[in-house]
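Within every chain, numbering begins at 1; the chains are lettered A, B, ... in the order of the sequence lines, protein sequences first and strands thereafter. The basis for the numbers below is simple: all heavy atoms, side chains too, and nothing from hydrogens, waters or symmetry mates.
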Amino acid sequence: MDKSMLADLDSLPEADKQRMSAMIDQLQIRDSLRMYNSLVERCFTDCVDTFKHKSLQKQEETCVRRCAEKFLKHSMRVGMRFAELNQGAATQD
Amino acid sequence: MEPHYHYPFYLREALLCIVALALAHKASHPGMHLLALIHSYLEDTMAANNMSAFDKEQIFGMAEKEMEYRVELFNKMTQTCFKKCVDNRYKESELNMGENSCIDRCVSKYWHVTNLIGQLLGSGRPPM
């Protein structure tokens, strides 16, 4: 993202700026809840297959940890690329 | 690892930029360069706050929809590319080289498909 563009955005009226960041915060909360659920779903499905025990086994736990960590890293990378593409599209036309 | 998920700050910046875009767009100068659009919007609003309350509501509505759409797109893209690129046996918690380049290509292609379908739907005939 071009820093000068953000600086421009900073010069918006205070009330508008606040409203926008409230909007973004709200989206972020909703999104992180959705993300939580989908991560549980994914890692559970991929890591937990047998039900011989009541508690999570060591290797299942390791798998879940790796799964979550890997997904977050993945999501960061996608975010980076996505931002680049958005930026490209925004400055092209 | 972060205790809870937050989408990356650069996405937040992208979103802010899009908001500016949507806000500027409503200034109704289609075809104008984006930066010029943003500048003209800013100048207009900064100079005189002559926008009606109704206009403003519409602009915020648009900006919100646009942001929601982008977040949705980002989420779908993330899910899809994870499924396609990342080995689901989780032998390690790092992304390896193959996975990384797959992710980059997947994101790029997903983006292209999004634009392509957009063009197809946008050009003339209604989808249904």
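Under a cut-off of 6.0 angstrom, the local environment of CD in A:Q57 is crowded, with over 12 non-hydrogen atoms contributed by other residues, nucleotides or ligands.
Most heavy-atom pairs under 4.5 Å with chain B: of the set A:T62, A:I29, A:L39, A:D46, this distinction falls to A:D46.
As summarised for A:C67 and A:C47, their two SG atoms remain at a distance no smaller than 2.5 angstrom, missing the threshold.
Ion pairing of A:R30 with B:E68 is present here, as a side-chain N (NZ or NE/NH1/NH2) and a carboxylate O approach within less than 4.0 Å. The pair A:E69-A:R66 does not meet the salt-bridge criterion, since no charged nitrogen lies less than 4.0 angstrom from a carboxylate oxygen.
Using a 4.5 Å cut-off between heavy atoms, B:E72 touches chain A through its side chain atoms alone. Only the side chain of A:S38 comes within contact range of chain B, with at least one heavy atom under 4.5 Å from a heavy atom of that chain.
With A:S75 contributing its side chain and A:F71 its backbone, the two residues share no donor-acceptor pair below 3.5 Å.
Contacts between residues 95-108 of chain B and chain A, counted as heavy-atom pairs separated by less than 4.5 Å, involve B:L95, B:E99, B:N100, B:I103, B:D104, B:V107, B:S108.
Distance CD1/B:I117 to CG/B:L121: 6.5 Å, rounded to 0.5 Å. Distance check: A:L85 CG to B:H112 NE2 gives 7.5 Å after rounding to the nearest 0.5 Å.
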